[in-house]
Amino acid sequence: MVTPPAPAEALIALRNLRKRYGGPGEGDGQQPEVEVLHGIDLRIDAGEFVAIVGASGSGKSTLMHILGCLDRASEGSYHFAGHDVAAFTADQLAWLRREAFGFVFQGYHLIATESARENVEVPAIYAGAPQAERAARAEALLQRLGLAGKLDLRPNQLSGGQQQRVSIARALMNGGRIILADEPTGALDSQSGTEVMALLHELADAGHTIILITHDRAVAAQARRVIELRDGRIVDDSGNHSGIAREGDRALPALDVAQAASDRGATFGGNLRESLRTALRGMRLNRSRTGLTLLGIVIGVASVIVMLAVGEGAKQRVVAQMGTLGTTIMYLGARGPASGGPPGPITPEDLAAIAELPAIGHVMPVIGDPITVRYGRADREVYVFAASQDMPTVHHWKLGQGRYYTEAEDRDLAPLVVLGHNTRAHFFPDVADPLGRQLLIGNSPFEVIGVMSERGSDSGAESYDDMVFIPYRAGRARVYQAQTQPDYTVVTAASVAQVREAEAAMRTLLLARHGREDFAISNPAAKLQAEAETRSAMTMMLGLVAAVSLLVGGIGVMNVMLMTVRERTREIGIRMATGARQRDILRQFLTEAMLVTWVGGTAGVVAGLLVGGALIAWGVPVIFSVTAMAGAFLCAVATGLVFGYMPARTAARLDPVVALGGQ
Ligand code: ADP
Ligand code: MG
């Protein structure tokens, strides 16, 4: 059989198709409405080689965009293989563009940053073809079109004719059943133009449907059917008499349009890899811009980490001081009232009454003065601290050696002494066990029964290591005979939470007993507590400031992404024309935003650790928190997601024709 049966269903059927631009509901609604296609009726069958010819401005490109599902008609119908295209979703249209059409544009529309081979592969990426398969096919196509040696060159390294051949290879990548060529020779020299036309003829002979758009009658005359367009109307059609009926012609197998609905496109993983590759390339091509954006994120993340670590370090130092100094200690002493008059004596009865208060823990009167202490031939001025057996408890201080005196020994005026760490080293440098030795304090002999552990320089009570400790009553009887009342009294609150309450209760009690404020209470515990609270607030503040800088970094990402989308509008158009779905574009730009913040976040964590390390080397107390690090990193990535989403969605929602910039 020479003549195949005429297909019952036209491949493309347009009925009374109209296209209007402007008017309400488009753009800002301010443009007056113009109709550029005034009711087109057209039928094209599979395997035809059609030229649509017309003067510039006659509506050829508009018609091609509608035929290629890059744009929708305003009125009338477009049936593709019997299916009404108006009913197709955006994804189904993307499927049609990918599987049915191959576009060849006057300006080639290649992606400038990708090599010839990668440009040809693009449609297959969106179809979900495996990497190896699409690379092989792209190579084969390029070879067939005479570009074997040019696979890895970028568009700007190719001549116009070569670029057009790359775009034809791209059109054929997914089969290219219908080639839509809009002035494919318009920008070419006559030699290249002839070659491209020869290629189209070859494709037509191989069964592809070719729709060629041109303003050049000589070019149009090469087609088997010529349709003339004038001012948006078909004024002449040579008809389908030289179409598929030609001898030796064969149409490509028909496309099953029903598949469009169940299309899954590229798999998530495959697509993600492509997105990552594109994103990395984008980052590399815009190094300085990427660097600056990264810097914003790095500074943000690093400052969150460092600020919180420094804040926590400062807080912990205060807390540590509270621990060694005693978190509940207050000092009570006699002092002349502000209004004048003598300091009131703090009597044993006063102290007994204070000890009865519920918020009070210990009451420990203290006498202390530098006194000459002698052992053998060594002597030294030592601060002799006379207080009750509660001293180690009150100061949260452990014995290093031996034991402390008991209450009974204090009552019995026992001449016992416990040494501070440094005093022991001074008097007994070579003696392993000084216990049982006799020290002369003033003129009285005291027996060494213990040595305190070392407080050290971090405690804020370093000088305690230089003292010796004797029972209060023995001290009064044997060393401080002239003393009628304690130098001061250490009073502890019953608990850390009661520090302020204890101070207030003690003050009220003494005011009532003395009738005037002839005493003074100092409350370092409350001060430390207040300090710790301030530090916490500071940490919060610093963290907040740092978080704001992270936010600013995120806005930087958004800014750059918006710029990227604007710069790459045409690329987005090309990707859509070759079959990318909205979600493919969304994923690609989100990936780019996320990649920036991911890299920035990682670098920020590293930078934060380095800065923190430097601070530690400098002696600043720094405590890193894994939570803060993870939090800052996740915040950065989330920032990329949040601030990248808007630009990515903007990109995905672009109208393919608008993105391509018309033509
Ligand atoms: P051709 O490809 O035949 O040169 P086009 O299809 O590009 O013609 O344009 C046909 C007419 O439609 C022209 O008058 C052009 O100004 C107008 N036109 C094309 N695109 C738009 C648009 N986006 N908004 C308004 N008018 C447009
Ligand atoms: Mg045009």
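Note: hydrogens, waters and symmetry copies are ignored here, and every other heavy atom, side chains too, is used. Indexing begins at 1, ligand by ligand and atom by atom, following the structure's order.
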State the atoms of ligand 1, each with its element, that fall below the 4.0 Å cut-off from a heavy-atom position in [X].
X	value
Ala55	3 (O)
Thr62	5 (P), 6 (O), 9 (O), 10 (C)
Ser56	4 (O)

Indicate the ring-plane relationship of Phe80 and Tyr78, choosing parallel, tilted or perpendicular according to the 30° and 60° boundaries.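 The rings of Phe80 and Tyr78 stand perpendicular, inter-plane angle above 60°.
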
Practice prompt. Could you pull out, from Gly59, Ser61, Gly57, the option with a heavy atom nearest to atom 13 (C) of ligand 1?
Written response: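 That would be Gly57.
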
field: Exercise: identify the closest heavy-atom pair between Arg154 and Glu114
entry: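 In this case the closest contact between Arg154 and Glu114 is CG-O, 3.7 Å.
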
inquiry  = Any donor-acceptor pair under 3.5 Å linking the side-chain atoms of Ser303 with those of Ser549?
reply    =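 Short answer, yes.
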
| message | Quick check on Gly54 - does any of its heavy atoms sit under 4.0 Å from an atom of ligand 1? | response |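 The answer is no, since Gly54 has no heavy atom less than 4.0 Å from ligand 1.
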
| query | Mind checking whether Ser58 has a heavy atom under 4.0 Å from ligand 1? | reply |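 Contact check Ser58 vs ligand 1: positive.
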
Residues Arg15, Glu75: salt bridge by 4.0 Å N-O rule
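No, this pair does not count.
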
**Salt-bridge present (Glu121, Arg137; N to O < 4.0 Å)** =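 No, no charged N to carboxylate O under 4.0 Å.
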
Val36 N/O to ligand 1 N/O under 3.5 Å:
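Between Val36 and ligand 1 (N or O atoms, distance only) the closest approach is not under 3.5 Å.
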
Review point. Does an N or O from Val34, backbone or side chain, lie closer than 3.5 Å to an N or O of ligand 1?
Key: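 No.
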
- Query: For Ser61, which of Val36, Val657, Asp182, Ile66 qualifies under side-chain contact (heavy atoms from CB on, under 4.5 Å)?
  - Reply: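 Testing each of Val36, Val657, Asp182, Ile66 against Ser61, the sole residue satisfying side-chain contact (heavy atoms from CB on, under 4.5 Å) is Asp182.
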
